[in-house]
Amino acid sequence: MTAPRSPAARAAELRLRLEDANYRYHVLDEPNIPDVEYDRLLRELDELETAHPELVTPDSPTQRVGNAPSAKFAEVRHAIPMLSLGNAFSDGEVQDFVRRIADRLDRPLPKFSAEPKLDGLAISLRYEHGAFVQGATRGDGTKGEDVTANLRTVKAIPLRLRGGKDGHDPLKLRGKDWPAVLEVRGEVYMPRAAFEQYNEHARLHGGKVLANPRNGAAGSLRQLDPRITAQRPLAFFAYGVGLVEGGELPDSHSATLAQLREWGFPVSNLTEVVEGADGLLDYYRRIGERRDALPFDIDGVVYKLDDFDDQREMGFVSRAPRWAIAHKFPAQEQATTVEAIEIQIGRTGAATPVARLAPVQVAGVVVTNATLHNADQIARLDVRVGDSVIVRRAGDVIPEVVAVIAERRPADALPWTMPATCPVCGSEIVREEGEAVWRCSGELSCPAQRKETIRHFASRRAMDIEGLGDKYVETLVDAGLVRGVADLYRLTRDQLLQLKLVLDADTPDALAASVQPHLPPEGSGAVLAAIQRLDAADEGWRAAALAQSIAFAWNPKKIATKWADNLVAAIDRSRDAALERLLFALGIQHVGESTAKALALWFGDLDLIRRLPWPLYKRVPDIGGEVARSLGHFFEQAGNQQAIDDLLTAGQVRIRDGHPPSAKLRDGLHLATLLVEAEIPTITNLRAQALTEVLPTAAGIVDAGPEAFTAAGLPEASAAALRDWLEQPGHPKLLLDGEAAIASLLALAPEADTAQAGPLDGRTVVLTGGLASMSRDEAGAKLEALGAKVAGSVSKKTHLVVAGENAGSKLAKAQELGIEIWDEAQLLAFLERHA
DNA sequence: TTTCCTCGAGTTCA
DNA sequence: CTCGAGGAAA
């Protein structure tokens with residue numbers, strides 16, 4: 001700084017510097033000083049003003065912090081009404097709009113200014129002699145609310161216009177003289193990143209979470225306490241002017257926006273001047289493509305006839321201009337009502353509440369269902385049946401309930417609670433201590449769980465029975481043809497044909513109609529009567545069987561059998577299964593694809609796996625107590641063992657790729673390990689080793705008393721704990737069986753692994769986006785064959801990311817972490833080299 | 001014990 | 001794709 005000056009001069013200089021920094025940050029998007037520097041200058045100005053209160057001006061940057069709350073908002077009458085715009089939802093409507101204008105102006109290609117339509121709150125800002133004096137909401141267009149104090153806190157809104165005629169301009173700011181009175185119209189909004197950040201903070205500190213950026217902006221502006229508004233991350237874009245007195249504006253909309261920008265207002269840099277309907281539609285498409293990537297929410301684009309003379313010529317219809325229109329995108333959010341909250345029972349019994357919604361168009365599709373995740377989520381949102389809610393289907397595909405519109409709640413709506421019993425089987429619904437999910441306790445006696453189990457078994461990633469969709473599983477189970485997975489392998493072609501008839505015709509009349517063409521003309525009446533009778537007796541299944549067998553006996557060729565043939569063939573194909581697929585298909589809790597693969601790799605053999613004492617599963621990396629117990633629990637059930645036997649014998653399921661246990665399994669595999677893995681209280685690694693040196697066999701330990709344990713080096717309390725443990729039913733057997741299993745594992749496992757090193761050994765690879773030459777699964781399998789570990793998400797431990805078409809967040813994360821990234825060509829070249 | 005990373009499970013619609 | 005929770009490392 002130069003020589004000391006009067007406080008007044010210094011204050012003026014500080015204000016200019018702060019205003020300039022603000023302008024560069026919010027309008028030009030080219031910050032010229034760091035945040036800390038800005039804060040320092042602001043603090044200096046604040047101190048100066050505190051020392052010399054007479055220097056404080058209403059447009060000083062220090063006045064943005066917000067003053068004491070007001071009781072309510074005053075009414076403001078807009079000198080020039082804030083108009084609403086007509087809407088266009090289709091190309092056709094836009095073409096009509098342009099045609100009307102072209103006809104009236106008698107010009108084929110009128111010029112338009114096109115800009116994004118921000119999803120925020122329209123406001124009007126009044127400047128007198130360059131100073132911001134009043135800001136108002138749009139209200140009904142004629143009268144709004146005075147929110148000046150709140151708008152003052154929005155840093156993107158200039159408190160004083162740049163340029164000007166009073167000559168106090170040491171920084172030589174550019175700009176034209178502004179009118180004596182100027183009203184600027186624009187949109188206050190909350191940038192997405194700021195919204196996320198704000199909510200993150202609110203969640204951590206128990207504050208109020210905002211439903212979406214738009215509500216955030218609207219709610220913030222309507223705060224009676226401007227100090228609260230000051231904390232909200234609001235921004236602003238100018239898009240027009242209202243009253244202008246004592247000055248001139250350019251003669252077109254685009255030039256006016258450029259002028260506003262010079263005066264210090266943020267103006268969207270997506271604004272363009274385009275010609276004719278094609279120009280507009282092209283603009284719409286280009287903005288639409290960028291929509292998700294923009295830093296703020298938009299709900300469409302706005303087209304305005306650029307030339308003001310043209311605008312005047314077009315005039316108005318009622319309250320909307322004929323020279324402008326809003327072209328809306330399909331809404332990403334919609335309001336709808338909750339018609340019911342139903343419970344879905346998953347494969348594991350998880351009871352998931354799902355909201356049945358009155359159908360609404362959201363982002364181009366009709367949404368009728370939205371998951372509510374769990375009871376906690378419902379409680380957090382306080383969703384009730386009958387509520388009006390906001391549904392979103394944003395960047396991701398899956399609709400979610402964002403918020404409840406509290407004002408529209410019916411008076412009699414009751415808080416929702418999880419039902420006590422399963423809606424399908426009537427078993428109790430319970431929640432494990434510390435878990436978020438409630439589960440139906442019915443297990444396989446619950447038809448819902450049985451169906452899900454079978455569906456899972458047949459799914460693509462499991463046994464891959466093509467053609468066995470949800471509906472067929474449902475009907476097969478309901479008909480009693482399939483009770484367990486092994487029954488699938490007993491299905492005959494005839495049974496499937498019967499099933500098909502039931503599925504295709506769910507009323508007796510439809511059933512009769514579908515078989516009639518196949519029936520012998522002379523017996524047709526009698527057969528149809530029989531079907532009706534059986535159906536009336538609620539024996540629809542028998543009716544279908546009867547109809548099918550008669551029809552088929554009469555006319556075997558004409559009944560469509562291809563579907564049944566295909567399904568029988570698909571079931572047959574699945575008999576030849578890899579061990580890991582079968583393990584996954586069994587649907588053991590906590591055992592997904594990855595765990596199933598690891599089990600297959602380490603133990604190699606189903607007979608071994610299904611009889612293993614549970615602590616030994618923990619020898620596999622990534623399998624801990626919880627998963628091991630779950631495996632043990634599954635194989636303990638006689639029904640499950642029976643089902644496996646059934647699959648292998650009656651079902652003729654053959655397992656491919658049997659191999660000996662992994663050599664790595666040998667490491668540290670002895671009785672002491674077993675004692676530790678069995679999670680016996682107080683038995684640590686060291687103690688177990690000391691113990692097994694004195695008592696080297698399971699039988700010895702089972703028979704020994706506490707004295708023997710203390711003699712073997714255990715502290716007294718530990719010896720007692722071990723004895724207690726051994727008193728529990730099943731525990732001695734666990735030790736004895738475990739010892740036997742260890743012996744056989746050691747006998748079966750080879751001394752050293754013979755697998756040779758692949759080029760990607762020990763490397764973690766993540767695949768994202770779509771590949772043209774193969775599916776992600778295929779690519780993953782090829783990479784695994786070369787020794788890579790294919791993971792699902794990017795982290796610090798990832799070595800390589802292969803990004804295909806339309807890669808999303810994972811690619812971004814990889815770039816952020818500086819991880820090596822390949823495109824498809826590089827992947828193919830690599831696979832080629834190592835084929 | 002805390003923190004980070006994976007895996008499992010559940011979900012919507014064309 | 002997201003959430004919750006299991007597993008392992010720090």
Side-chain angles (χ1 to χ4, degrees), chain A residues 196 203 292 330 332 334 342-357 359-378 380 391-402 431-440 448-449 451-453 455-456 459 461-462 469-470 580 583-599 617-631 677 679 764-766 768-769 776 780 789-799 806-813 817 819:
Chain A
E196 301 290 347
R203 263 191 290 274
D292 286 340
Q332 289 185 327
Q334 280 293 343
E342 285 174 12
I343 299 296
Q344 267 179 18
I345 305 294
R347 170 167 65 85
T348 61
T352 309
V354 175
R356 302 275 174 234
L357 306 167
V360 270
Q361 279 268 337
V362 187
V365 302
V366 178
V367 170
T368 52
N369 298 322
T371 175
L372 293 163
H373 301 291
N374 54 46
D376 292 349
Q377 168 84 353
I378 296 184
R380 196 157 46 235
V391 179
R392 174 174 21 197
R393 190 167 166 279
D396 52 341
V397 194
I398 296 174
E400 58 173 349
V401 172
V402 182
R431 168 146 76 169
E432 287 287 314
E433 191 76 32
E435 276 208 319
V437 291
W438 291 77
R439 286 179 204 280
C440 161
Q449 290 186 57
K451 284 172 192 168
E452 291 299 311
T453 304
R455 208 167 69 161
H456 171 76
S459 68
R461 318 206 66 125
D470 299 0
E580 63 201 56
L583 280 173
F584 174 55
L586 290 173
I588 304 163
Q589 257 192 68
H590 298 126
V591 178
E593 267 186 298
S594 179
T595 308
K597 195 182 268 183
L599 283 167
Y617 295 115
K618 292 208 286 182
R619 297 272 76 206
V620 179
D622 296 328
I623 292 183
E626 200 66 27
V627 180
R629 274 176 208 277
S630 172
L631 280 158
E677 305 284 39
E679 296 171 17
T764 302
V765 182
V766 174
T768 181
R776 266 208 304 264
K789 179 170 162 35
V790 178
S793 60
V794 177
S795 72
K796 277 186 291 191
K797 290 183 181 169
T798 309
H799 298 105
N806 295 321
S809 59
K810 287 181 204 168
L811 174 59
K813 187 156 183 203
L817 293 171
I819 292 166

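Convention: sequence-line order gives letters A, B, ...; per-chain numbering from 1.
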Taking atom [atom2] of [N] as reference, at what distance in whole Å does atom [atom1] of [X] sit?
{"X": "A:Arg455", "N": "B:dG10", "atom1": "CZ", "atom2": "C1'", "result": "10 Å"}
{"X": "A:Asp622", "N": "C:dA9", "atom1": "CG", "atom2": "C1'", "result": "12 Å"}
{"X": "A:Gln344", "N": "B:dA9", "atom1": "CD", "atom2": "P", "result": "17 Å"}
{"X": "A:His590", "N": "C:dG6", "atom1": "NE2", "atom2": "P", "result": "6 Å"}
{"X": "A:Leu372", "N": "B:dA9", "atom1": "CG", "atom2": "C1'", "result": "17 Å"}
{"X": "A:Gln589", "N": "B:dG10", "atom1": "CD", "atom2": "P", "result": "9 Å"}
{"X": "A:Gln361", "N": "B:dT12", "atom1": "CD", "atom2": "P", "result": "18 Å"}
{"X": "A:Glu400", "N": "C:dT2", "atom1": "CD", "atom2": "C1'", "result": "9 Å"}

If you look at every heavy atom in [X] and [Y], which pair is closest and at what distance?
{"X": "A:Phe584", "Y": "A:Val591", "result": "CD1-O, 3.9 Å"}
{"X": "A:Val391", "Y": "A:Val362", "result": "O-CG1, 4.2 Å"}
{"X": "A:Arg356", "Y": "A:Gln344", "result": "NH2-NE2, 3.8 Å"}
{"X": "A:Gln334", "Y": "A:Gln361", "result": "CG-O, 2.9 Å"}

Please check the phosphate of [N] (OP1 and OP2 only) for any side-chain N or O of [X] closer than 4.0 Å.
{"X": "A:Asn369", "N": "B:dC13", "result": "yes"}
{"X": "A:Thr371", "N": "B:dT12", "result": "no"}
{"X": "A:Thr348", "N": "B:dA9", "result": "no"}
{"X": "A:Thr352", "N": "B:dT11", "result": "yes"}

By nearest-heavy-atom nucleotide on DNA chain B, the more 5' of A:Ala370 and A:Thr764 is A:Thr764

Could you check whether A:Val627 gets within reach of a base, just the sugar-phosphate, or nothing at all, counting any heavy atom under 4.0 Å?
-> sugar-phosphate

Under 3.5 Å: donor-acceptor pair, side chain of A:Ser630, backbone of A:Glu626 = no

Check every atom of [options] against the side chain of [X] and return the nucleotide holding the closest atom.
{"X": "A:Arg347", "options": "B:dT12, B:dA9, B:dC13", "value": "B:dA9"}
{"X": "A:Thr595", "options": "B:dG10, B:dC13, B:dG8", "value": "B:dG8"}
{"X": "A:Ala350", "options": "B:dG10, B:dC7, B:dT12", "value": "B:dG10"}

